[in-house]
Amino acid sequence: MVTIATWNVNSVKARLPHLLDWLKQSQTDIVLIQECKCETDKFPAMEIEDLGYNLAIHGQKTYNGVAILSKFPLEDIQRGIPDFEDDQARYIEAVISINQQALRVASVYVPNGQSVDSDKFPYKLNFLHHLHQHAQTLLRYEEPLVLGGDYNVAPYELDVFDPKALDGTVCYHPQERALLRTMLHAGLYDAYRLKHPQARHYSWWDYRGGAYQNGEGLRIDHLLMSAQAIDRLSECHIDETTRKWEKPSDHAPVVATVSLT
DNA sequence: ATGGTAGGCTCCCTA
């Protein structure tokens, strides 16, 4: 059994104690993290390596930044979506060898978009378009594939606390939901939703307005898997433990267990 | 109620 998680940590330096504690207690094999908010050479690599992880980092100062933590060896590291010019560090991909079997993974941080009338919103749609194009390329390999990350999109009504009020706002706008659902209809499977078809469980809660205490969240962090990976999925859950800790990330980890021999 | 909180970094931007 191999466990794989995605977690937007909102600053790897500010969240290092939480990250280390969570890694120790959860013993997750592969962790895809987003919003590291630090340059590659300033990444707290030693503390994480000391817990037995290999690292692939695509860092950036102040904003963005993604990384892959893996107890198995990492190969063929790719930074950025191929054929997509982007000065923001939002995508890193690697091949993980597990008992001579290849599992391709990526840590993805889709732009938030800020608001629908912002110029960041078309950038978000363009990013999703290129992510979809690249996913199509990867799916043609017919391998176990996990594209995990903060997608900043809640695909269905069940994924937001107030679908009527939020309809048309960023993270729940028809255009971005359509783009994410295009990926889901083109051969990628949403691991959490597959295992919990009716559950209303969120992965992100705004820091503002006591959103977590009020149960006002969105399910925007996803583990999207190819058929070859989803066929081996035995379990998937959202781990709210860390969201209850002092000074938490606004996101909770999404964790899947896959049987790879 | 056009706010609220958090992180990084600079007196503001992003989420």
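As a basis for the values below, the full set of heavy atoms in this structure was taken, side chains included, without hydrogen atoms, waters or symmetry mates. Chain naming here is simple, since letters A, B, ... match the order of the sequence lines and numbering starts at 1 in each.
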ask   = Given the P atoms of B/dG3 and B/dC12, what is the spacing between them in whole Å?
value = 16 Å
key: Residue met sooner reading DNA chain B from 5', once A/Ala14 and A/Asp250 are mapped to nucleotides   = A/Ala14
task = State whether A/Lys37 places a side-chain N or O below 4.0 Å from either non-bridging phosphate oxygen (OP1 or OP2) of B/dC9.
result = no
ask   = Does A/Arg193 make a cation-pi contact with A/Tyr156, if we ask for NZ or CZ under 6.0 Å from the ring centre and within 45° of the axis?
value = no
note = Rounded to whole Å, CG of A/Leu166 lies from P of B/dT2 at a distance of 18 Å
query = Across the strands shown, which category fits A/Arg243 at heavy-atom distances under 4.0 angstrom: base, sugar-phosphate, nothing?
reply = nothing
task = Could you check which of B/dA15, B/dT5, B/dG8 has an atom nearest any side-chain atom of A/Tyr63?
result = B/dG8
inquiry  = Using the side-chain heavy atoms of A/Asn112, tell me which of these nucleotides is nearest: B/dA15, B/dG7, B/dC9.
reply    = B/dA15
query = Can you check the A/Asn64 CG to B/dG7 C1' distance for me, whole Å?
reply = 13 Å
ask   = Given B/dA15, B/dG7, B/dC9, which nucleotide is nearest the side-chain atoms of A/Lys120?
value = B/dA15
message = Distance alone, cut at 3.5 Å: any donor-acceptor contact between the side chains of A/Tyr123 and A/Asp86?
response = yes
note = In whole angstroms, the gap separating C1' of B/dT14 from NZ of A/Lys61 amounts to 16 Å
request  = Please report, rounded to the nearest Å, how far the C1' atom of B/dA15 is from the CD atom of A/Glu216.
outcome  = 17 Å
Interatomic distance where NE2 belongs to A/His251 and P belongs to B/dT5 [whole Å] = 18 Å
key: Within the 6.0 Å centroid threshold, strictly below: A/Trp22 and A/Trp7   = yes
request  = Nearest whole angstrom, please: distance from the P of B/dA15 to the CG of A/Leu218.
outcome  = 15 Å
query = Is a side-chain donor-acceptor pair under 3.5 Å present for A/Tyr207 with A/Asn10?
reply = yes
ask   = Can you tell me how far C1' of B/dT14 sits from CG of A/Asp150, to the nearest Å?
value = 13 Å
ask   = If you find the nucleotide of DNA chain B closest to A/Tyr109 and the one closest to A/Tyr207, which residue's nucleotide is nearer the 5' end?
value = A/Tyr207
query = Does a side-chain N or O from A/Arg208 land closer than 4.0 Å to OP1 or OP2 of B/dG7, or not?
reply = no
key: Step-by-step salt bridge (charged side-chain N to carboxylate O under 4.0 Å, His left out) determination, A/Asp159 to A/Arg177   = CA-CA 11 Å; A/Asp159 299 318; A/Arg177 286 157 60 199; over 6 Å; no
query = When you compare B/dT14 with B/dC9, how far apart are their P atoms, in angstrom units rounded to a whole number?
reply = 14 Å
task = Nearest whole angstrom, please: distance from the P of B/dA6 to the CH2 of A/Trp204.
result = 13 Å
